[in-house]
Each structure stands twice: as structure tokens, then as C-alpha cells.
Protein chains: 2
Amino acid sequence: MKLTNLQQEFVLHFGEMGSRWGINRTVGQIYALLFLSSEPLNAEQITDGLGVSRSNTSMGLKELQSWNLVRMKHFPGDRRDYFTTPEDLWEITRILIAERKKREIDPTLTKLRELELEGPKGDNYAEARIAELREMIELMTGFYDDMEKLETERLVKMMTLGSKIAGLIDKTSGALSLTKRK
Amino acid sequence: MKLTNLQQEFVLHFGEMGSRWGINRTVGQIYALLFLSSEPLNAEQITDGLGVSRSNTSMGLKELQSWNLVRMKHFPGDRRDYFTTPEDLWEITRILIAERKKREIDPTLTKLRELELEGPKGDNYAEARIAELREMIELMTGFYDDMEKLETERLVKMMTLGSKIAGLIDKTSGALSLTKRK
DNA sequence: CAGTCATTTCAGAAATTTCTGAAATTGAGA
DNA sequence: TCTCAATTTCAGAAATTTCTGAAATGACTG
């Protein structure tokens, strides 16, 4: 499978960005290729589109599946596995955020709670700092949970409103703050 | 410098999480240690607190400075550099988000724009997908820019409101959507 | 059930990243 | 200007991650 110039550039970019995104080059490239393909691709096509080994493709696809970022499809009379990315970019974004939260935030939240459960150890500053960090993460993940539930339509509207939201917020009563009162 | 048990556990956790966060173990550990210290620490103290080489500490601190995550301080009559993390967790969060955006998103946005500027190449599906992705990123980064400008007080209020925001949004007129109309 | 095709696994090779110790550089004070 | 503590740089060692080819596994077909 010969890639078009556009595909090639896009794929290489995603490969390079991979390490910053916490995935490896091949995984980034596979994802990019699938993202730009109108048709599902099988492992063979991906392998020679990218010029990597068949086994590398297999591992990359496994990784993408663990991220829920690809879907497997089958065609009648063809026993190979075909892969696509979800059509809807919002769905992709939701998945990405959910997975990153799971990998990058949840373990730390768990750890912080564990540390607090062990009870005061006499290091007041550190204990306070840890509690503060846990509260902050809880506030943010709580907000995330709420946003996660919103339909895309509303989410888009909210994002489009942007800073106008500040006005709306001010109109509601009951200020609450986690920050230190001066 | 002997770490307390609490510091030790916290530091080790941040070290392990480092790779998921796109920093290396030492950088994660240095940050964790500074985060839990009520007093600024110098490179020497960090080095023996963590049990890494002096040069590793130096490189880690340089990295953290490039992320804007530590501040350097000096004491009269002491020419060593001392380091702290910002007190305010919200400030830290803002910095983190800004830096991750800069490293993980901006380069891709630039790339997508470049690809579009090169003009139609005949691969309609890929071109459409790229445009769609660019629009999505622009919507989200635009929203981010707006949120970034809000004072912490309002941000906290917004997060606390959570799903109640949906109601507020509905009350404003002028629905707008990037999603496909059914 | 033998043969074929597709996929996965896995040990080791290759590449990359992290870390160290030694040397070089910096800069404040004598 | 010289000295020396502090810091940075950097080449190579160590550790880790990624990638490959070969072998194993699975699963359908005649």
C-alpha cells in the first residue's frame, strides 16, 4: 500500500509526536494511518504502508485496542481483522481524555488517599500539601465526571461560549472557594 | 538529608509516574521532593535526599526550569541556588496545562495548518479529516485560552457548579454545533 | 485431520533514554 | 587577578524501550 504524500506527512508527524503523547512511534503511526483511511485496514496493509515488521504492527494494534482507540471489523468471506478509528472526533476525544485520566491521574489519586489513610506522621507541611493536592485533583476529576456526562451538543455550546461563561457563573449564587482566604 | 517515610513514598510514586507524565524518574522525584518541602532546597540536599548523582540533579533541575515548574531562590551570604515549587496549586496546574499544551498540542496544530496550506492534493477523505481535526483542536484550545484568563476564584466556582452548568448553557440562545447534523 | 492463512508471542537485537563521573565553566569574594 | 565552591556539560555506561524475525498458536477449509 503506497501512502499519498499527505498521509505520509501526517503519519510521520504522529510518529514523532508519539513519545510526547506517551505512545511509541509505531503506535502513533498506525493510529494516524487509520485515522486518515476511509476504509478499514488490515494488519498487512498497515505493515507495508508504514514499512515496519508484521509483529510490530500486531503489538501496536494491541496497544491501541487497550486504549480503546481502534475498532475491529470483519468482512464476509475474509478472515483477516480490519481496523478503524471511531468516526466521531468527539468520541475519540472523550476516549483519549478518559484513558489518560486513568493512566496519569487515577493512580496518583489512589496513592494520595493511601498516604492520608496511613494517618498523621508528624510531617505537617507535607501532610497538608498532600491533602491539598488530593482536594485539587478531586475537584478537577469531579468536574471532569460532570462534563463527561454532557452530550456533545452542549459541550460544544459551552466551549463556544468560552469566556461568556464567566458572566453566567457570576449570576449564580453561593461562591465557594478552595483557595486560601486572604 | 534523610527523607521522612511520607516524603519517601510520595517521591517514589512521582518517580514511577514520571514516564507516564513525559518526564524521567529523577525529574519526577525532584519535583515531588520540592513540592513537599516547606523550605527551599539546594542541589546538594536534593542529590543526597534522592540518592542520585549531582549531575543528574543538575539536569533534572534544568528540565524543571524549562517547564517553569520550579523557582530559584537565594539567601544572603550563601551562593548556592535554592529551589521551590510555587505555593499555589492553581498556579502549578495552570503552568502544567500550558506547558503540556505547548509540547503536545501546538506542534500538531501547526502541522495540520501547514498540511492544509499545501492545498488540496486529491485525497478528499484525508483532507476532510485533517480539517475536522484542526477545527476540533482550535475549538478546544480557544476554550482553553478563555478559561486561562479567568481568575482562580471563578474557575473554582465553575468547577464546583459542574453539571449545573448545563442548565445555564441551555438558557443562553444561539445554539452552534460543529457536529454533523442528522 | 492435514494444510493454509492470520495473528500472537517472545527472545534477543537495535535504538533510545537516562544516568554517572570527570572535566570544564562560571562567578563571587579575597 | 586568582581561588575555590557551585554548577554545568558531556562522553560513555547502564537501563529501558522499541522493534524484529522466527516460532508458536489458533482457526477455518477441503
Side-chain angles (χ1 to χ4, degrees), chain A residues 1 11-12 14-34 40-67 69-84 103-104, chain B residues 1 11-34 40-67 70-84 103-104:
Chain A
M1 220 192 65
V11 159
L12 292 179
F14 268 54
E16 282 161 18
M17 294 299 287
S19 58
R20 302 195 191 186
W21 297 337
I23 56 177
N24 67 41
R25 187 192 359 245
T26 309
V27 172
Q29 292 186 347
I30 294 174
Y31 187 78
L33 183 57
L34 293 176
L41 301 178
N42 63 41
E44 182 62 26
Q45 297 172 301
I46 295 168
T47 297
D48 85 25
L50 301 182
V52 298
S53 72
R54 180 64 184 73
S55 55
N56 198 1
T57 299
S58 176
M59 294 192 307
L61 286 167
K62 210 172 101 189
E63 169 93 355
L64 284 170
Q65 284 174 292
S66 85
W67 277 80
L69 282 173
V70 297
R71 308 255 172 279
M72 209 190 290
K73 277 199 72 171
H74 289 101
F75 293 102
D78 185 342
R79 54 195 172 95
R80 287 168 295 183
D81 298 333
Y82 284 79
F83 299 88
T84 40
R103 285 153 214 254
E104 300 181 11
Chain B
M1 219 190 67
V11 158
L12 291 179
H13 176 80
F14 268 54
E16 282 160 19
M17 294 299 287
S19 58
R20 302 195 192 185
W21 297 336
I23 55 178
N24 67 41
R25 187 190 1 243
T26 309
V27 171
Q29 292 187 347
I30 293 174
Y31 188 78
L33 183 57
L34 293 176
L41 300 178
N42 62 42
E44 182 63 26
Q45 296 173 303
I46 295 169
T47 297
D48 87 24
L50 301 181
V52 298
S53 71
R54 180 62 185 74
S55 55
N56 198 1
T57 299
S58 176
M59 294 192 306
L61 286 167
K62 209 172 102 188
E63 169 93 356
L64 285 170
Q65 284 173 293
S66 85
W67 278 79
V70 296
R71 308 257 174 278
M72 208 191 289
K73 276 200 71 172
H74 289 101
F75 293 101
D78 184 342
R79 54 193 171 99
R80 286 168 296 183
D81 298 333
Y82 284 80
F83 299 88
T84 40
R103 285 152 215 253
E104 300 181 11

Check your understanding: B:Arg80 side chain N/O closer than 4.0 Å to the phosphate oxygens (OP1, OP2) of D:dT7?
Key -> no
Review point. Is the distance from OP1 or OP2 of C:dC19 to the nearest side-chain N or O of B:Asn24 less than 4.0 Å?
Key: yes
Check your understanding: If you measure from CZ on B:Phe83 to CG on B:Leu33, what distance do you get to the nearest 0.5 Å?
Key -> 12.5 Å
Atom pair distance, as rounded to whole Å: [atom1] in [X] and [atom2] in [N]:
X	N	atom1	atom2	answer
A:Ile46	D:dC19	CD1	P	15 Å
A:Glu16	D:dT18	CD	P	16 Å
B:Glu44	D:dT7	CD	P	9 Å
B:Ile30	D:dT7	CD1	C1'	14 Å
A:Asp78	C:dT4	CG	C1'	15 Å
B:Leu50	C:dC19	CG	C1'	13 Å
A:Lys73	C:dA6	NZ	C1'	19 Å
B:Phe75	D:dA5	CZ	C1'	18 Å

Exercise for review: Could you tell me whether B:Thr26 contacts a base, only the sugar-phosphate backbone, or nothing, with contacts defined as non-hydrogen atoms closer than 4.0 Å?
Suggested key: sugar-phosphate
Exercise for review: Using a heavy-atom cut-off of under 4.0 Å over every strand shown, decide if B:Asp81 touches base, sugar-phosphate, or nothing.
Suggested key: sugar-phosphate
Might you point out which heavy atoms bring [X] and [Y] nearest each other, and give the distance in Å?
X	Y	value
A:Gln45	A:Tyr82	OE1-CE2, 3.8 Å
A:Phe14	A:Gly28	CB-O, 3.5 Å
A:Met17	B:Glu104	CE-O, 3.6 Å
B:Ser53	B:Thr47	C-CG2, 4.0 Å

Review point. Do A:Leu61 and A:Asp81 pass the side-chain contact (heavy atoms from CB on, under 4.5 Å) test, and can you show the C-alpha distance, the side-chain angles, and the key distance before you say yes or no?
Key: CA-CA 11 Å; A:Leu61 286 167; A:Asp81 298 333; over 6 Å; no
Point to revise | Per-nucleotide protein contact string for nucleotides 23-30 of chain D (B base, S sugar-phosphate only, - none; heavy atom under 4.0 Å) | key: --------
Exercise for review: Quickly, which of B:Leu34, B:Asn56, B:Thr57, B:Val11 forms a side-chain contact (heavy atoms from CB on, under 4.5 Å) with B:Gln29? Name it, please.
Suggested key: B:Val11
Review point. Do you know which of A:Thr26, A:Val70, A:Val27 makes side-chain contact (heavy atoms from CB on, under 4.5 Å) with A:Glu63?
Key: A:Val27
Practice item. Please lay out, stage by stage, how B:Ile23 and B:Leu64 fare under the test side-chain contact (heavy atoms from CB on, under 4.5 Å). Key: CA-CA 9 Å; B:Ile23 55 178; B:Leu64 285 170; 5.8 Å; no
Study note, to complete from the structure: Here the residues of residues 52-63 of chain B within 4.0 Å heavy-atom distance, strictly under, of DNA chain C are B:Val52, B:Ser53, B:Ser55, B:Asn56, B:Met59
